[in-house]
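Comments concern the structure below.
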Amino acid sequence: MPGDKSLTQRSLILASLANGRSRLSGLLYGGDSASTAGALRALGAKIGKLPADGSELLIDGVGLEGLQDPTLDLDLGNSGTGSRLLLGVLAGSEVVARITGDTSLRSRPMARVTEPLVHMGANFDWSNETDRLPVTVRGTRPLADLAWTNLVASAQVKSAILLAGLTGGASVTVTEPRQSRDHTERMLNGLGVLVEQHEVSEGWRVAMIDPPDRIEPVDFIVPGDISSAAFLLTFAALGGTPEPVTVESVGLNPTRSAFLDVLNRMGAEVSVEIESSLSSEPVGSITVGPTELQGVEVGSLEVPRLIDELPLVAALGARAHGVTVITGAEELRSKESDRISAMVDNLRAVGVRVEEYQDGLAIEGTEEPLIGAVESREDHRITMAFGVLGAVNPNNIRIDDQRTVDVSFPGFWSVIDKLAGGIGRA
Ligand code: S3P
């Protein structure tokens with residue numbers, strides 16, 4: 001599988017902030033990694049060419065106080081994680097930098113990240129519209145300590161605050177309604193930076209009380225991305241492959257794995273084998289075969305643990321008996337596209353009956369062939385969800401832009417073709 005996108009971004013950032021030479025392997029070779037690496041290079045980190053085959057990449061970090069003013073805008077392309085985490089890093093750095101991105105990224109909310117950072121003392125100038133990129137960051141150090149309550153569970157917001165605390169030498173506490181993915185906490189703990197997390201009556205709390213003056217180089221093997229694996233597992237569950245599919249060396253962080261529980265509830269036999277715990281993240285293989293699927297309900301309790309896989313739950317729902325209902329997922333409207341509207345419109349375009357809610361959708365399963373044209377909306381996960389559905393016989397779906405997959409899963413189309421038995425389905 002391609003390297004995990006979330007862990008690739010975090011390891012590139014932390015390696016750039018370390019004192020000395022880091023060794024990273026298994027990195028995602030994709031558009032989002034290239035965008036984040038490019039921005040970090042522009043800020044002074046010495047990062048070689050990203051390897052296409054997951055082999056080792058050496059990074060010479062500049063230290064927590066060593067970032068420099070870039071000479072050009074930092075263009076984060078399509079990467080929400082890259083842009084938001086860097087806003088945090090830059091807030092605590094004595095640097096002036098303007099961050100921008102592609103049309104999709106420029107339409108996504110950023111004030112959810114800048115608001116807490118302003119409370120810490122950083123300054124942001126919006127170029128065109130408040131809350132939207134481009135924005136110029138004027139960081140400062142030291143930043144003020146912060147205790148922040150976030151109204152949505154967001155690992156990007158939480159991580160931006162933790163990274164601001166790290167570069168800005170501030171103690172930070174973040175409370176969110178439910179636990180979001182905890183990769184940043186695990187990586188920091190792996191580097192000897194104490195980040196505590198526990199349940200509280202308001203939800204989940206993470207605290208970094210005593211930020212260090214420096215961090216040691218990062219030695220990290222990025223596992224495969226469970227969010228990318230989910231497309232292949234879905235293809236297998238839908239009967240697109242002659243044999244069950246096994247994905248190996250995939251990250252199995254429990255804050256990311258609820259898609260497997262949902263697949264299971266829909267009737268799929270999901271078998272998981274733990275291989276190892278690579279640098280603080282559990283890693284293993286997952287096998288799924290073709291299944292008679294049942295509709296399922298997914299609600300707010302589960303949503304943060306499968307937020308990126310919800311388009312796939314909707315795709316599976318289109319092929320399940322009965323109705324699949326997703327609620328408590330309004331955050332989907334702020335992803336690379338408005339994923340609720342993208343799934344609703346596109347499923348309807350291929351003949352599926354769907355009801356739209358502000359915070360989700362209900363999908364009526366059908367056995368009719370799914371035929372029609374869909375829009376990718378500059379969103380890799382929408383493209384791949386329909387890529388998988390369309391490659392299942394006898395469906396026939398035309399997608400307007402197949403290249404969007406390069407953001408997180410270059411080679412997606414040939415993998416699907418291969419899994420389908422090499423008959424050119426995709
Ligand atoms: C990510 C967090 C999630 C997720 C995104 C990656 C991360 O976003 O949807 O693809 O790496 O921190 P939110 O934190 O906005 O929920």
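Numbering of ligands and ligand atoms starts at 1, following listing order. Values reported hereafter were calculated over all heavy atoms of this structure, with side chains retained and with hydrogens, waters and symmetry mates removed.
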Pair Lys158 + Glu176, salt bridge at N-O below 4.0 Å:
yes
So, 4.0 Å and heavy atoms of Arg10: is ligand 1 close enough to count as a contact?
yes
Taking distance alone, with no angle check, do Glu331 and ligand 1 share an N/O pair under 3.5 Å?
no
Tell me whether Asp308 is salt-bridged to Arg339, with the criterion being a basic N under 4.0 Å from an acidic carboxylate O.
yes
Taking the inter-plane angle between the rings of Phe231 and Phe412 on a 0 to 90° scale, is it parallel (under 30°), tilted (30 to 60°) or perpendicular (over 60°)?
perpendicular
Starting from atom 6 (C) of ligand 1, what is the nearest protein heavy atom, named by residue and atom, and what distance separates them?
Thr81 OG1, 3.3 Å
Report the part of Arg181 in contact with ligand 1, treating N, CA, C, O as backbone and CB onward as side chain, heavy atoms under 4.0 Å; options are side chain, backbone, both, neither.
side chain
Within-4.5 Å side-chain heavy-atom neighbours: Leu7 and Met187:
yes
I need the atoms of ligand 1 closer than 4.0 Å to a non-hydrogen atom of Ile307, numbered in the order shown.
9 (O)
So for ligand 1, is Ser6 a polar contact partner (N or O within less than 3.5 Å, distance only)?
yes
Taking distance alone, with N or O pairs closer than 3.5 Å, would you say Lys335 contacts ligand 1?
yes
Should one rank Asp308, Leu7, Leu85 by closest heavy-atom distance to atom 10 (O) of ligand 1, which comes out on top?
Asp308
When you compare the side chain of Asp210 with that of Leu194, does any pair of heavy atoms fall below 4.5 Å?
no
Out of Leu24, Leu28, Val283, Asp4, which residue meets the side chain to side chain contact (heavy atoms under 4.5 Å, CB included) rule with Val222?
Asp4
